[in-house]
Amino acid sequence: MSVAVPMADPAAEYRLLKAGIDQAVHRVLESGHYVLGPEAEALERELAAFTGAAHAVGVNSGTDALHLALVAAGVGAGDEVLVPGFTFFATAEAVTHAGARPVFADIDEATFNLDVRSARERITARTRAVIAVHLFGQCAALDRLQQLCDDHGLALLEDCAQALGADYDGRRAGTWGAFGCLSFYPTKNLAAAGDAGMVLCRETAHDETLRMLRHHGSREAYVHQRVGWNSRLDELHAAILRVKLAHLERFNDARSRNAQHYRERLSGAAIELPLEHGHGRHVYHQFTIRSRRRDAIRQALAREGIASAVHYAVPLHRQPAYEAANRDVSLPVCEEATRTVLSLPIHPFVGAPAIERICAVVRANA
Ligand SMILES: *Cc1c(COP(=O)(O)O)cnc(C)c1O
């Protein structure tokens, strides 16, 4: 069944930017240069400029961005990395792929982001890094997390898969930590036509290591300094992303306007609206409300052809892949969130009339 209001609409974005995207795709196809060429280099420069990062290294996906950043940070076997228990699975998966153990901390009730006190309580002699996830498009408490990492000699990594363009106290997401990891998965705010990602970093040595890791541990042709990966950025994706990056601010503004519409039309309804912490821009990758009647609201929306989503239904310490190692772990705020959250469509193409319909259904079923 086709959904009248989808959660994301990549095809609508393509129709809007078709002329520029088609031109970019043809330019790459005719160049004969398809992997890590001039488009990837230009995108790296443009994203470094956009975020204020010193370096940007294109990779295959957001998951690889996290994985390679952890390896570049020196995280490996025997290490522990603090991760929020409420995020997309890939955040923890990257830690496991690096050979380390994800240690799950609870989240802050108001923002869904890492609770600094809970993270502090879980620091051990083996802890090497913290991954701050900027969930739904709003930055975690980066000032306090940076302080925590400085106090304990830990590396701070930012999972910015949902937060490109967000900022915290005037600094863009991805430039607080030693590494900022971006995803360009087709539903993200900046989206490729397939999988792609990028790592932002401050130190030249990290930049060099990441370039080596993504290309079989090689700096010069057919000489391999170490065992690396094949995690390179494709030219087609880079060229498409460059066209879209020029519109990202406008698309993020449209998301903010949609959020404002939701707030106006849902004010006073028997649900909880997402909170803005006031430290900087929220880019509304998702607009996530909370309600004990979440499932009833979701079904009523579906009957009207309106998509919604539960981000996320299972906390990471209760995922089948991680459950056995975390039987004693209790993260009450994460667990409560999984029972009440509901994300409503907020992409730039939703439009005010659809939002009015959605709000009427939410109100009638709240
Ligand atoms: C999408 C996402 C990722 C993974 O990115 P991919 O490009 O799909 O590998 C990681 N973390 C979070 C929070 C995400 O939303």
Side-chain angles (χ1 to χ4, degrees), residues 7-8 10 40 43 47 56-71 81-98 102 104-105 107-108 111-114 129-140 142 145 156-166 173-174 177 179-200 210 214 229-234 237-238 240-241 244 252 255 274 282-288 309-316 319 321-322 334 337-338 341 343 346-347:
M7 283 300 286
L43 180 68
L47 270 164
V57 182
V59 294
N60 236 318
S61 69
T63 307
D64 279 9
L66 289 160
H67 177 195
L68 299 193
L70 286 160
V71 173
V81 177
L82 294 169
V83 172
F86 188 67
T87 169
F88 181 58
F89 188 71
T91 313
E93 200 176 25
V95 174
T96 304
H97 280 312
F104 300 113
I107 54 166
D108 169 52
T111 61
F112 301 109
N113 283 328
L114 200 54
V130 176
I131 304 183
V133 182
H134 308 320
L135 205 68
F136 305 147
Q138 178 167 243
C139 288
L142 283 164
L145 288 167
L156 177 63
L157 283 79
E158 297 177 62
D159 180 340
C160 310
Q162 304 187 2
L164 183 57
F179 300 91
C181 302
L182 312 179
S183 164
F184 308 122
Y185 184 76
T187 60
K188 309 289 183 183
N189 290 33
L190 178 64
D195 280 306
M198 195 163 287
V199 187
L200 309 176
L210 288 163
R214 74 176 173 183
W229 285 266
N230 172 358
S231 185
R232 298 170 296 221
L233 180 61
D234 294 331
H237 292 311
I240 292 170
L241 287 164
K244 293 188 181 184
N252 281 345
R255 289 172 181 270
H282 189 322
V283 293
Y284 286 102
H285 177 61
Q286 301 295 349
F287 189 85
T288 305
V310 174
H311 301 120
Y312 297 93
V314 181
L316 293 191
Q319 290 288 351
Y322 286 126
C334 290
T338 60
V341 287
S343 300
I346 191 155
H347 60 81

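Nothing here was measured: the structure is a model prediction, and the numbers come from that model. In each ligand, atom 1 is the first atom listed, and ligand 1 is the first ligand listed. Sequence positions, counted from 1, serve as the residue numbers for this chain. We use all heavy atoms of the structure for the numbers below, so side chains are in, but hydrogens, waters and symmetry mates are not.
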If you look at each N/O of ligand 1, which protein N/O atoms lie under 3.5 Å away, and at what distance?
unit_1, atom_1, unit_2, atom_2, d
ligand 1, 5 (O), Ser183, OG, 3.3
ligand 1, 7 (O), Gly62, N, 2.7
ligand 1, 7 (O), Ser183, OG, 2.6
ligand 1, 9 (O), Gly62, N, 3.3
ligand 1, 9 (O), Thr63, N, 2.8
ligand 1, 9 (O), Thr63, OG1, 2.5
ligand 1, 11 (N), Asp159, OD1, 3.3
ligand 1, 11 (N), Asp159, OD2, 2.8
ligand 1, 15 (O), Gln162, NE2, 2.9
ligand 1, 15 (O), Lys188, NZ, 2.6

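- Using a 3.5 Å distance cut-off with no hydrogens or angles, the side chains of Asp64 and Ser231 do pair a donor with an acceptor.
- Put simply, the side chain of Arg255 does not reach to within 4.5 Å of the side chain of Val283, judged on heavy atoms.
- Residue pairs meeting the side chain to side chain donor-acceptor pair (under 3.5 Å) criterion with at least one member in residues 156-165, sequence neighbours excluded, are Thr91-Asp159, His134-Glu158, Gln162-Tyr312.
- Tyr322 places a side-chain heavy atom less than 4.5 Å from the side chain of Pro102.
- For the pair Val341 and Phe112, the minimum side-chain heavy-atom distance is below 4.5 Å.
- The distance from the CG atom of Leu142 to the CG atom of Leu156 is 6.5 Å, given to the nearest 0.5 Å.
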